[in-house]
Amino acid sequence: MNLKSAQAFIPGAGVAFVNDHYDTFADGPLMLGSLLPNPFDPLVDNDNPALPWSGSDSRNSFFLVHDFFNPAYSSAPFVNRLNTTLAQTNDYDRYTFSRLMSQLTTESVPDLGRDKIHLNYVNLMPGTNYTNFVSWRSSPEAAEMFFTNVASRLFAGQIAQFGLTNLLNPIACTNINEIPVRNYSQGIHRILQVAANILDANWNDGYSNAPPPSVFRPLFGFSTNLNEVVIKGYRYETDTNFLGKILSRVYTRNDPNLRTLVETDEDAMIYGIPLIIGARKGFPNLNEFSVQTYV
């Protein structure tokens with residue numbers, strides 16, 4: 001009874017649940033035919049979206065094993081009993097926590113309280129939660145938001161490993177900005193590729209109406225902060241029209257006019273900094289991409 005109501009958990013549930021003729025709340029009455037409540041009165045659906053709904057997120061979700069020792073997630077008496085039991089010397093009591101871990105089930109509820117990114121639905125736009133069921137692939141803006149946020153957080157977690165501290169200045173939490181073109185490397189490209197792959201891995205429609213793999217095109221500009229040409233972001237391409245534009249606008253990193261070129265031409269591309277193309281199952285797909293340079 002402590003769970004949110006269907007209406008509070010999913011805006012619009014009032015209309016959907018009352019008119020779907022399914023026993024969404026699993027509270028009866030007994031189903032005697034193909035429709036609720038019976039085949040002789042098919043227009044009545046007694047689901048009340050104002051009542052607590054079992055489909056709502058649990059208010060006592062545990063995301064880390066350490067949470068069992070946090071009174072805020074359960075209660076102080078529970079934590080005290082757990083600690084007292086584990087302090088015993090007999091094998092049964094001191095292995096209580098191990099037994100507890102072994103019988104727990106896992107859920108796919110995102111840990112939104114710790115600022116996680118939902119894999120399937122938009123939860124980063126202001127006023128939008130994953131319970132709105134808006135797919136990351138619903139618009140170019142949503143796809144770009146997923147790609148840049150995932151890549152930014154992967155960067156933040158691996159800056160020390162790749163020694164990027166002085167190269168990316170800085171990596172904002174909600175965007176990829178100011179990546180110097182002279183420092184673009186395999187390590188940077190790998191992180192960007194992983195972000196695109198995660199987005200495309202969530203396309204789960206198999207062979208039916210599958211779109212082409214996601215394509216993110218680097219956008220270039222000049223950073224007054226770093227005093228050099230940088231990748232200022234990425235654009236999610238929705239068709240192939242951009243190919244005719246960029247193929248004649250590929251410049252070298254050491255071009256003396258590079259700053260002017262990228263500031264006046266949004267379709268400019270730079271050798272050595274490729275498109276990011278997601279790898280995804282289904283047809284059409286892309287599993288491997290190789291490049292050979294020739295003169």
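Just so it is clear, the structure is predicted and the values come from calculations on it, not from any experiment.
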**Q** Find out whether Leu226 and Pro180 are in side-chain contact, i.e. whether some heavy atom of one side chain is under 4.5 Å from a heavy atom of the other.
**A** yes
**Q** Is the ring pair Phe147/Tyr234 parallel, tilted or perpendicular, if the boundaries are 30 and 60 degrees?
**A** perpendicular
**Q** Atom CD of Glu144 and atom OH of Tyr236: how far apart are they, to the nearest 0.5 Å?
**A** 9.5 Å
**Q** Decide yes or no on side chain to side chain contact (heavy atoms under 4.5 Å, CB included) for Glu237 and Asn241, but give the supporting numbers first.
**A** CA-CA 9 Å; Glu237 298 291 353; Asn241 294 335; over 6 Å; no
**Q** Please step through side-chain hydrogen bond (donor to acceptor under 3.5 Å, both in side chains) for the pair Asp93 and Asn90, ending with a clear verdict.
**A** CA-CA 6 Å; Asp93 285 339; Asn90 66 84; 2.9 Å; yes
**Q** Please give me the minimum heavy-atom distance between Pro49 and Ser5, naming the atom from each residue.
**A** O-CB, 3.4 Å
**Q** Keeping Ser56 on the side-chain end and Lys4 on the backbone end, is there a donor-acceptor pair under 3.5 Å?
**A** yes
**Q** Say whether Ile179 and Tyr251 are linked into one hydrophobic cluster, either directly or through other cluster members, by side-chain heavy-atom distances under 4.5 angstrom.
**A** yes
**Q** If we ignore angles and hydrogens, is there a donor and acceptor under 3.5 Å between the side chains of Ser223 and Asn225?
**A** no
**Q** For residues Ala279 and Asn197, report the shortest heavy-atom separation together with the two atoms involved.
**A** N-OD1, 2.9 Å
**Q** Is it the case that the side chain of Trp136 and the backbone of His118 share a donor-acceptor pair, with hydrogens and angles ignored and the cut-off at 3.5 Å?
**A** yes
**Q** Please test Arg137 against Asp200 for salt bridge (Lys or Arg N to Asp or Glu O under 4.0 Å), starting from the C-alpha separation and ending with a verdict.
**A** CA-CA 9 Å; Arg137 303 183 67 104; Asp200 276 17; 3.1 Å; yes
**Q** Relative to the ring of Phe78, is the ring of Phe68 parallel (under 30°), tilted (30 to 60°) or perpendicular (over 60°)?
**A** tilted
**Q** Mind listing the closest non-hydrogen atom pair of Ile191 and Ala151 along with its distance?
**A** CG2-O, 3.8 Å
**Q** Closest heavy-atom contact between Pro213 and Ile277?
**A** CB-CG2, 4.1 Å
**Q** Heavy-atom distance under 4.5 Å between the side chains of Glu266 and Val262, does that happen here?
**A** no
**Q** Using a 4.5 Å cut-off on heavy atoms from C-beta on, say whether the side chain of Val215 contacts that of Phe242.
**A** yes
**Q** Could you tell me whether the side chain of Arg217 and the main chain of Pro274 form a donor-acceptor pair under 3.5 Å?
**A** no
**Q** Can you tell me how far the CD1 atom of Ile246 sits from the CZ atom of Arg249, to the nearest 0.5 Å?
**A** 10.0 Å
**Q** Using side-chain heavy atoms (C-beta onward) and a distance below 4.5 Å, is Leu86 in contact with Phe69?
**A** yes
**Q** Is the side chain of Ser102 donor-acceptor paired with the backbone N or O of Arg99 at a distance under 3.5 Å, no angle test?
**A** yes
**Q** Phe146 and Phe216: aromatic ring centres closer than 6.0 Å?
**A** no
**Q** Could you state the interatomic distance from CZ (Arg235) to CD (Glu141), rounded to the nearest 0.5 Å?
**A** 10.5 Å
**Q** Any link between Leu100 and Tyr92 through a network of hydrophobic side chains (Ile, Leu, Val, Met, Phe, Trp, Tyr) touching at under 4.5 Å?
**A** no
**Q** Is the shortest distance from a Lys or Arg side-chain nitrogen in Glu228 or Arg259 to a carboxylate oxygen in the other one below 4.0 Å?
**A** no
**Q** Between Ile117 and Arg153, does a side chain to side chain contact (heavy atoms under 4.5 Å, CB included) hold up when you go through it step by step?
**A** CA-CA 10 Å; Ile117 300 173; Arg153 299 192 190 193; 3.7 Å; yes
**Q** Working to the nearest 0.5 angstrom, can you tell me the gap between Met145 CE and Asn123 CG?
**A** 9.5 Å
**Q** When you group the ILVMFWY residues by side-chain heavy-atom contacts below 4.5 Å and let the links chain together, are Leu219 and Val150 in the same group?
**A** no
**Q** Given side chains that start at C-beta, do those of Phe9 and Leu3 come closer than 4.5 Å, heavy atoms only?
**A** no
**Q** Using every non-hydrogen atom in the two residues, find where Leu154 and Ala195 come nearest and quote the distance to one decimal.
**A** CD1-N, 4.3 Å
**Q** Tell me the closest heavy-atom pair linking Thr238 and Pro140, and the distance in Å.
**A** CG2-CG, 3.6 Å
**Q** Determine whether Ile270 and Thr252 make a side-chain contact, defined as any pair of heavy atoms from C-beta on separated by less than 4.5 Å.
**A** no
**Q** Once rounded to the nearest 0.5 Å, what's the spacing between atom CG of Leu192 and atom CD1 of Ile276?
**A** 5.0 Å
**Q** Does any N or O in the side chain of Asp265 come within less than 3.5 Å of the main-chain N or O of Leu261, such that one atom is a donor and the other an acceptor?
**A** no
**Q** Would you call the rings of Tyr184 and His189 parallel, tilted or perpendicular, taking 30° and 60° as the class edges?
**A** perpendicular
**Q** So do Met269 and Leu275 actually touch side chain to side chain, heavy atoms under 4.5 Å?
**A** yes
**Q** Could you give the distance from CG (Asn70) to NE2 (His66), rounded to the nearest 0.5 Å?
**A** 11.5 Å
**Q** Please check this pair: side chain of Arg253 against backbone of Val181, looking for a donor-acceptor N/O pair closer than 3.5 Å.
**A** yes
**Q** Are Thr85 and Phe97 side-chain neighbours, meaning at least one heavy-atom pair lies under 4.5 Å?
**A** no
